[in-house]
Amino acid sequence: MKVYEKAPAKINLLLDVLRKREDGYHDVEMVMTMVDLADRLEMEELPRDTIIISSQAGYIPLDEKNLAFQAAKLIKERYEVKQGVYIHLDKKIPVAAGLAGGSSDAAATLRGLNRLWKLGISDKELQVLGTELGSDVPFCVTGGTAIARGRGEELEMVHQPPQCWVVLAKPPINVSTADVYGRLKANQIVKHPSLKDMMRAIEGQSFQGVCESLGNVLEDVTLPLYPEVQQLKESMLRLGAEGVLMSGSGPTVFGLVSKESKIARIYNGLRGFCKEVYAVRLLG
Ligand code: ATP
């Protein structure tokens, strides 16, 4: 028996850091949503008690470091499943890009194995399991649009933002999320983005309002370290994107565009100097 799951990429429309906690993590306030750029997972039951991961992408770990492996191990142990599983990851989301590709694969594995082994676990319980795998995993279990607080695992589901196009561009550098948070001086953030403004724009379905309320305090760390990310933001704006932001800890930059007729110009303009460019839709 086989099951298939899609694991979409996430973007942060807003990412604020409120404080550094005693335990070393940061308290964040984020607005997360998903885009139609997704990995595809195929999961097939194995009679032996083993977990095997394969992928066409040569640059991700295929052993216990892979988040899909960790998710499978967790669900097997917690629900005492004796069978094994073979998981093939068809990677489409760029890796270490700030798009939560690994977290979304982990969430898709939890959903898929719940179905494959008919475990009857609720979404809420899957989210609790996901917390053990990473801060973004609980959100990726259900997707949609949510405000995330705490370490990112306390979720409040909200309306979908107005539908639009999203151009994603990843410069050829890899950024470590842990390194960016490590360098952030949470008590020296000069400008915090306004969650209130963003929520007003989403609830009023104001595309312009969403564009004006975009904000990510991690840009303060990543942009000075990697000037190419700043250049990419400027190019996207010049080519006609209406709102532009770095996603997560970067280096991917996304641009929001209301009219399909503008996409070709932005896409082709960026492809001139950036190999990884995608034009997708918000996931409704
Ligand atoms: P986030 O925004 O949640 O920090 P990211 O998009 O920056 O995530 P990922 O693509 O999730 O980063 O990859 C981060 C690291 O996790 C990579 O260095 C990669 O080796 C490792 N990794 C483990 N499992 C996976 C997976 N299934 N897909 C991609 N990367 C994985």
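Both ligands and their constituent atoms are indexed starting at 1 by order of listing.
Under a 4.0 Å N-O distance rule, the pair Arg78/Glu132 qualifies as a salt bridge. Salt bridge annotation for Glu234-Arg238: absent, with no cationic side-chain nitrogen under 4.0 angstrom from a carboxylate oxygen. Between Asp105 and Lys91, at least one side-chain N (NZ, or NE/NH1/NH2) sits under 4.0 Å from a carboxylate O, which counts as a salt bridge. Salt-bridge annotation for Lys6 and Asp36: present, with a side-chain N of the basic residue lying under 4.0 Å from a carboxylate O of the acidic one.
Counting atoms of ligand 1 from 1 in the listed order, those under 4.0 Å from a heavy atom of Gly98 are 2 (O), 5 (P), 6 (O), 7 (O). Numbered from 1 in the order shown, with element, the atoms of ligand 1 that lie under 4.0 Å from a heavy atom of Thr177 read 4 (O), 7 (O). Residue contact check: Leu99 has heavy atoms under 4.0 Å from atoms 2 (O), 6 (O) of ligand 1. Atoms of ligand 1 found under 4.0 Å from any heavy atom of Ser103 (numbered from 1 in listed order, with element): 3 (O). Atom numbering of ligand 1 starts at 1 in the shown order; those under 4.0 Å from a heavy atom of Ala100 are 1 (P), 2 (O), 3 (O), 5 (P), 6 (O), 8 (O). Close contacts of ligand 1 with Ile60, meaning ligand atoms under 4.0 Å from a residue heavy atom, involve 29 (C), 30 (N). Proximity to Leu89 (heavy-atom distance under 4.0 Å) selects the following atoms of ligand 1: 27 (N).
Among Asn174, Val137, Asp105, the residue whose heavy atom sits closest to atom 27 (N) of ligand 1 is Asp105. Closest heavy-atom approach to atom 19 (C) of ligand 1 among the candidates Leu67, Ile11, Val95: Val95.
In Ile93, neither the side chain nor the backbone holds a heavy atom less than 4.0 Å from any atom of ligand 1. Heavy atoms of Asn66 found under 4.0 angstrom from ligand 1 belong to the backbone as well as the side chain. At a heavy-atom distance under 4.0 Å, only side-chain atoms of Lys91, from C-beta outward, approach ligand 1. By the criterion of a heavy-atom distance under 4.0 Å, the backbone of Ala97, and not its side chain, is placed next to ligand 1.
Judged by distance alone, the side chains of Lys10 and Asn12 do bring a donor and an acceptor atom under 3.5 Å apart.
Residue Asp136 has at least one nitrogen or oxygen atom sitting less than 3.5 Å from a nitrogen or oxygen atom of ligand 1, judged on distance alone. Checked against a 3.5 angstrom limit, the closest N/O atoms of Pro61 and ligand 1 fall outside it. Polar contact check, Val175 against ligand 1: no nitrogen or oxygen pair lies under 3.5 Å apart. The shortest N or O to N or O distance between Gly102 and ligand 1 is below 3.5 Å.
When only non-hydrogen protein atoms are considered, atom 23 (C) of ligand 1 lies nearest to Lys65 O, 3.4 Å.
Applying the 6.0 Å contact sphere to CZ of Arg281 captures more than 12 heavy atoms from other residues, nucleotides or ligands. In this structure, Tyr79 places its OH atom where more than 12 heavy-atom neighbours from other residues, nucleotides or ligands lie under 6.0 Å away.
Between Leu15 and Met30 there is a side-chain heavy-atom pair separated by less than 4.5 Å.
Checked against Asp49 for a side-chain hydrogen bond (donor to acceptor under 3.5 Å, both in side chains), the options Lys76, Lys82, Gln83 give a single hit: Lys76.
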